[in-house]
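The structure under discussion appears below in the form of structure tokens.
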Amino acid sequence: MPDPSATSDAPVRPRLRFAPSPTGYLHVGGARTALFNWLYARHTGGQFLLRIEDTDRARSTEASTRAIFEGLQWLGLTWDEEVVYQGANLERHRRDGERLLAAGAAYRCFCTPEELDERRAAAEARRETFRYDRRCDRLPVDDVERRVAAGMPYAIRFRVPAGTIEWDDLVHGRIAFPNKDIEDFVVLRSDATPVYNMAVVSDDIAMRVTLVMRGDDHISNTPKQILLYRALGADVPGFAHLPMIHGTDGKKLSKRHGATAVADYQGQGILPTAMLNFLALLGWSPGGDREIMTLPEMVELFGPGGLQRKAAVFDPQKLEWMNGQHLSMMPLGELLPRVTPALVRAGLTTADALAAQPEWYAALVDLLRVRARTINDIVRQAEPYLCETITYDPEAVAKQWKDPAASAALLEASRDALAASPSWTPEALESALRALAESRAIAAGKLFQPLRVALTGLTVSPGIFDVLVLLGRDRALSRIDAAIRHLR
RNA sequence: GGCGGUAUCGUCUAGGGGACUAGGACGGAGCCCUCUCAAGGCUCAAACACGGGUUCGAAUCCCGUUACCGCUACCA
């Protein structure tokens, strides 16, 4: 059996990259871009690479880089190979820029940024479109040499040839830009640092990226980049431009819209798998009515055919609903380790205490998760079962213990019926209480609701018999006693 | 302004010339279940931006218009 990778015509495995700038936290738009790149790579058996675009020294921070790693790790979007730091490749970017000059694809431009600004302003005042007029490209050779010899600073500008640049975008189909609309752009500044498009193309070539998948705000950068690939003699990769994510008001998602960092959602008790599922559906659909998916299912179903061209609005409500779905379907064994730290952080218990009674703990979470949409919801509901004393919710008292004397009497009867039950199981307790209700000719609910307040202090909880069992005989009976004392 | 992109219920979307009286989901309204709250089940309201073509036939193809978004730097 020949090794397929050894044959020269073996298909190239796709190589994709996620290339965030470390200028803040990992936001949901970036997370979705990462997800789509990751899904494509995993689906095709390709590679998913990570590049930190830290060339903007002023805005890049180490904390942001860490936040990106942590966000990606939390989501489970693992990357292949070493992380590439763009800043480390500055020398190559410069060499590639100079290669352009040497090859005659670019020229020296002695116009200063100030002069350019002036001309741009003047053109604008005349209501004309400003485009660099190539004056430096028309400088006589000896003039250029004289200026260089004199140490005059210059930028390196790419000479855009005539023609049209077009490509088949994986999400948009064919996109074309007439070259006349692309001005001769700077690739190396006068301080010899590379400009964004130069650095990106240089790195993507070096990383052997075959598919550039990114936000569609980069569509107009693409023709310039294609020009650079060609001038550098490199293969042009494929492109896939994903739609933006907007806030509820239809504008580009920003801090104004509240939580935009994936860490925010982590803090709200959203599960990574739900976050991923939700993000996947923002701009992609597997077709048909499929909505709830696990990560492996997404990997299997993912394809460029389902990619959307229109910007999507981020709807936190649907995210929460989806999280509830994932909360319910996730194996308890996976859920528990995520709930425990939240419970501990809330000061309701300790990890050791929970570990001491694993079955009880599992039963508790299993009961609570049905009516929770986030892990934080579970935490909010867990207090009556984890803490020794409870507080009575004033509204619950007002509603269910309207007549204290009558309520106390009812509780007393319930207490006796429960205490007399031969076993402390949901079934036995239920028949005990229902028999009591029947003997008194009252609706069972008239018994259950006041009892619920006595047991939990609240008007809402899991089924009353489950609560009774969860609390255990001693604790349940003593809480009823306490409620009776409170009422008298 | 120039260039590019986009346009199906409030939102996410299915749809890729006839199967569309346009389907699903979130959210909303209501009903059922029921010890509360959830979950679940059922029902209802809710959309093809507009105008021209092409075609026997258009949500689907083409062209305009409009609206929205992006880019337009020696930012990334």
Side-chain angles (χ1 to χ4, degrees), chain A residues 19-21 23 53-56 58-60 86 109 111-114 116-117 120 123-124 127-131 153-157 169 172 175-178 180-183 185-191 193-197 199-200 215-223 241 243-244 246 248 250-252 278 281-292 305-306 308-315 317-322 324-325 328 368-373 377 381 396 399-400 430 433-434 437 443-449 451-453 456 458-465 467:
Chain A
S21 320
T23 53
E53 308 216 319
D54 53 355
T55 44
D56 187 342
R59 289 192 298 159
S60 299
Q86 187 162 64
C109 176
C111 303
T112 65
E114 294 71 31
L116 260 7
D117 284 345
R120 210 182 330 265
E124 216 163 288
R127 308 185 69 224
E128 282 170 17
T129 312
F130 177 79
R131 204 164 290 129
Y154 59 85
I156 294 179
R157 223 176 247 283
D169 196 275
H172 291 94
I175 299 181
F177 282 79
K180 66 169 174 54
D181 293 325
I182 309 170
E183 75 172 340
F185 55 98
V186 169
V187 291
L188 244 39
R189 302 186 184 94
S190 44
D191 64 359
T193 58
V195 139
Y196 174 74
N197 283 317
V200 166
D216 66 14
D217 48 343
H218 286 287
I219 285 181
S220 41
N221 279 325
T222 306
H241 287 99
M244 301 277 91
H246 287 171
T248 327
K251 301 248 162 64
K252 188 173 168 177
F278 176 72
L281 260 20
L282 242 40
W284 174 72
S285 161
D289 298 338
R290 199 77 187 274
E291 290 222 292
I292 301 296
Q308 190 77 21
R309 290 177 298 274
K310 184 184 62 165
V313 173
F314 189 94
D315 178 8
Q317 270 194 309
K318 186 157 185 176
L319 203 212
E320 289 213 350
W321 165 79
M322 189 163 278
Q325 298 294 310
S328 295
L368 261 26
R369 67 167 162 175
V370 190
R371 60 218 89 216
R373 290 198 151 192
D377 284 344
Q381 297 175 46
K399 193 170 178 197
Q400 301 302 340
E430 176 157 15
L433 283 187
R434 287 200 188 274
K446 296 285 182 212
L447 228 45
F448 300 164
Q449 278 305 91
L451 182 56
R452 191 185 312 280
V453 178
T456 66
L458 308 167
T459 69
V460 310
S461 82
I464 198 73
F465 310 109
V467 172

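Remember, it's a predicted structure, so these values are computed and weren't measured experimentally.
- C35(B): no Watson-Crick or G-U partner with both key distances under 3.5 Å is found in any strand.
- Taking 4.5 Å as the limit, every side-chain heavy atom of D117(A) sits out of range of all side-chain heavy atoms of E114(A).
- Using a 4.0 Å heavy-atom distance criterion, E183(A) is classed as a sugar-phosphate-only contact.
- Pairing partner, C44(B): G28(B), with both Watson-Crick or wobble hydrogen-bond distances short of 3.5 Å.
- Close to C35(B), at under 4.0 Å from its OP1 or OP2, lies a side-chain N or O of R434(A).
- You'll find the side chain of M322(A) reaches within 4.5 Å of the side chain of L281(A), heavy atoms only.
- Among the atoms of the strands shown, none is found under 4.0 Å from any heavy atom of P243(A).
- R120(A) has a side-chain polar atom (N or O) that falls below the 4.0 Å cut-off from OP1 or OP2 of C74(B).
- Counting any heavy atom pair closer than 4.0 Å across all strands shown, R157(A) reaches sugar-phosphate atoms only and no base atom.
- Between A76(B), G27(B), U36(B), one nucleotide has an atom nearer to the side chain of W321(A) than all others, and that is G27(B).
- Using a 4.5 Å heavy-atom cutoff, the side chains of D169(A) and T222(A) are not in contact.
- The nearest pair of heavy atoms linking K310(A) to P243(A) is O-CB, 3.2 Å.
- Distances from the side chain of R371(A) to the nucleotides G27(B), A38(B), A76(B) place A38(B) closest.
- Within 4.0 Å of Y196(A), counting heavy atoms only, lies at least one base atom of the nucleic acid.
- Among the nucleotides G70(B), C3(B), C69(B), the one closest to the side chain of D217(A) is G70(B).
- Q325(A) comes within 4.0 angstrom of sugar-phosphate atoms only, judged by non-hydrogen atoms across all strands, and of no base.
- Under the Watson-Crick or G-U wobble criterion, with both distances below 3.5 Å, C3(B) is paired with G70(B).
- The aromatic rings of Y196(A) and H218(A) lie parallel to each other, with less than 30° between the two planes, well short of the 60° mark.
- For the pair R452(A) (side chain) and P462(A) (backbone), a donor-acceptor distance under 3.5 Å is present.
- Using a 4.0 Å heavy-atom distance criterion, S21(A) is classed as a sugar-phosphate-only contact.
- No N or O donor and acceptor, one from the side chain of S220(A) and one from the base of C3(B), sit under 3.5 Å apart.
- Residue E124(A) places its CD atom among 12 or fewer non-hydrogen atoms of other residues, nucleotides or ligands, all under 6.0 Å distant.
- Among the heavy atoms of the strands lying under 4.0 Å from I219(A) are primed sugar atoms or P, OP1, OP2 only; no base atom is included.
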| remark: With sugar-phosphate taken as primed atoms, P, OP1 and OP2 and all else as base, the protein-contact string of nucleotides 7-15 of chain B at under 4.0 Å (heavy atoms; B, S, -) is SS--SBSS-

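- Nucleotide C61(B) forms a pair with G53(B), judged by Watson-Crick or G-U wobble geometry with both contacts under 3.5 Å.
- Across all strands shown, T112(A) has heavy atoms under 4.0 Å from base atoms, whether or not it also approaches the sugar-phosphate.
- Of the possible polar contacts, none joining the N221(A) side chain to the N197(A) backbone as a donor-acceptor pair under 3.5 Å is found.
- Using a 4.0 Å heavy-atom distance criterion, L116(A) is classed as a base contact.
- In this structure, N221(A) reaches the bases: a heavy-atom distance under 4.0 Å links it to at least one base atom across the strands shown.
- Using atom C1' as the reference point in both G30(B) and C48(B), the two lie 28 Å apart (nearest Å).
- The residue H172(A) sits close only to the backbone: its heavy atoms come under 4.0 Å of sugar-phosphate atoms, none of a base.
- The C1' atoms of C20(B) and U65(B) are separated by 27 Å, rounded to the nearest whole Å.
- G16(B): no Watson-Crick or G-U partner with both key distances under 3.5 Å is found in any strand.
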